[in-house]
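Both counts, for ligands and for their atoms, begin at 1 and track the order of listing.
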Amino acid sequence: MSTDDLAARLLHLHSEGLAKGAPVAPQVEMASMFHLPGDPAGVPGYGRMDNRTWSALEEALAALEDAPCLSFPSGMGAISAALFSCLKAGDRILVPTDGYYTTRVLSDRFLKALGVEMVLRETARFAEGGFEGFALVFLETPSNPGLDLCDIRSVADAVHAAGGLLVVDNTTMTPYGQRPLDLGADIVVASDTKAPNGHSDLLMGHVATRNADLLAAMRDWRKLAGGIPGPFEAWLTLRGLATLELRLSRMVASAEVIAGRLAEHPGVTDLRYPGLSNHPARAQMATPGFLMSFTLKDEATAERFINDCPLIQPATSFGGVHTSAERRARWGDAVAPGFVRLSVGIEPVETLWAAMAKVLP
Ligand SMILES: *Cc1c(COP(=O)(O)O)cnc(C)c1O
C-alpha cells in the first residue's frame, strides 16, 4: 500500500464497523476488572491481559506495520520483550556499538547474568565478520546518533542462513520511512515515544512480527512480566498516530532544506543526513528522515547553538513537533564535544532556519 493510501486508511480504521450512536473517537478504557460471570472465554478478562484501548492502538500499529503488533509502556519495554522472550542461556547476540545505548546496557547488565553473551560491532561494518553462531542479531539503521546506514535485506539473508533471528529497531524511521519486516527482519521494535506520539508527553513502544510463535512469546512476556501500557497513554499514542504522516512530511521536507544549508555553512563539519548519503542502503528508506547530526567547533559553540536558539528545544530524545537538539558527548557517546544531534520539528522552515542562522558561528 502506498504511504498516501496507508495514511488515509489509518484515519478511518476505527470507524469500520462502529455501531450507530457509538463515539467516532476511540475511548479510554480504564478497567482492571471486567464483568465476567460464567465462561470467561472470548471476552476481556483482566486488565493485565486485555484492554480495548490497547487493542485500538495495536490495530492502528498493525495497519502501519502490515503485521500484528503488541504495545508496551516504552520502547525499552518493547525491546526487553523481544530479547527476553527469544533468548536462553548459552545464546550469543550481536548488538551495534553505535545504536541506542540502553539496549547494550540492558544486555550487559541483565542478559549476561542469565548466560547470554553480547558481541558488539559497528553499524558501518555490520556485515563484516558474518553472523555465524548468533541466536539473535539486533540492528538499528540509521544508527543513533551517528546515522550510519546498513542494508537490512542482506543482513536478514545472512542472519537467516546462519540460523539466527534479526530484530530491527526502526525508531528513527517509523513504518512510513522504512519497512524492515518487508526486508526480511523477524521482529521490528520501536519507541513510539518519539515521532509516532510526537508530542513529547509520554513514553510508549511496540513490537511487530509476522511470526506467530514470536508474537505469542512476546504477548506471554507482557502478560507474565507485567510491563503493560497505561490505557490513557495508549489513547494519546493513537491520537498522535492520526497525524504522524502529516507531521513527518513537514519534518522531512524541512530537514532536507536545513541539511542542505548546514552542509554549506562554513562553521559546520561532518554533517550527516541520510538524504545526503550515497550509501546503497539509502534505497531501503522511503524518506531520509528528520534527524541529522553535525559537528561545531567545540562544546561552547555547540551549547550556544542549542541553548540560545528560541526555536530549538534543548532536550534528549527526538521526533517531537518542536525542533530539538543535544550534544551527545554529554551522555558519553563516542563523538566530538561539538557533535550535535538535531531533530527537526514542524515549525515553518524559513522561520526555523532564520532562527538557527542567528546562532550558528
Ligand atoms: C528512544 C529510543 C529507544 C528507547 O525508547 P524509550 O521509549 O525511551 O524506552 C530505543 N531505541 C531507539 C533508537 C530510541 O531512539
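- In terms of polar-atom proximity, G77 is not counted as a contact of ligand 1, lacking any N or O under 3.5 Å from an N or O of the ligand.
- Distances from ligand 1 to the non-hydrogen atoms of T102 include no value under 4.0 Å.
- Cation-pi geometry between K194 and Y100 is met: under 6.0 angstrom from the ring centre, within 45 degrees of the axis.
- Taking any N or O of T172, backbone or side chain, none lies under 3.5 Å from an N or O belonging to ligand 1.
- Ligand 1 has no N or O atom lying under 3.5 Å from any N or O atom of F318, backbone or side chain.
- With respect to the salt-bridge test (charged N to carboxylate O, under 4.0 angstrom), the residues D108 and K112 qualify.
- Ring geometry for W221 against F84 counts as parallel: the plane angle stays under 30°, on a 0 to 90° scale with 60° as the upper cut.
- Taking atom 2 (C) of ligand 1 as the reference point, the nearest protein heavy-atom neighbour is K194 NZ, 2.5 Å.
- If you take CG on L271 and CZ on R261, they are separated by 13.5 Å, rounding to the nearest 0.5 Å.
- For atom 6 (P) of ligand 1, the nearest non-hydrogen atom from the set G75, P145, S80 belongs to G75.
- For atom 9 (O) of ligand 1, the closest non-hydrogen atom on the protein side is M76 N, 2.8 Å.
- The shortest contact between atom 4 (C) of ligand 1 and any protein heavy atom is with Y100 CE2, 3.4 Å.
- Summarising the geometry, atom CG belonging to L244 is positioned 5.0 Å from atom OG1 belonging to T174; distances are rounded to the nearest 0.5 Å.
- Ranking the protein heavy atoms by distance from atom 7 (O) of ligand 1 puts T193 OG1, 2.6 Å first.
- With a 4.0 Å heavy-atom cut-off, ligand 1 is reached by the side chain of I79 but not by its N, CA, C or O.
- The backbone N or O of D66 lies less than 3.5 Å from a partner atom in the side chain of R210, making a donor-acceptor pair.
- Salt-bridge check for R328 with E299: failed, with every basic side-chain N at 4.0 Å or more from each acidic carboxylate O.
- For R92 and F134, the positive end sits near the middle of the six-membered ring, less than 6.0 Å away and at most 45° from its axis.
- Distances below 4.0 Å separate heavy atoms of E140 from the following atoms of ligand 1: 13 (C).
- Under a 4.0 Å criterion applied to the non-hydrogen atoms of N144, ligand 1 contributes the atoms 13 (C), 15 (O).
- A cation-pi arrangement is not found for R341 relative to F318, the charged atom failing to lie both closer than 6.0 Å to the ring centre and inside a 45° cone about the ring normal.
- On a distance-only criterion, D169 and ligand 1 share at least one N/O pair closer than 3.5 Å.
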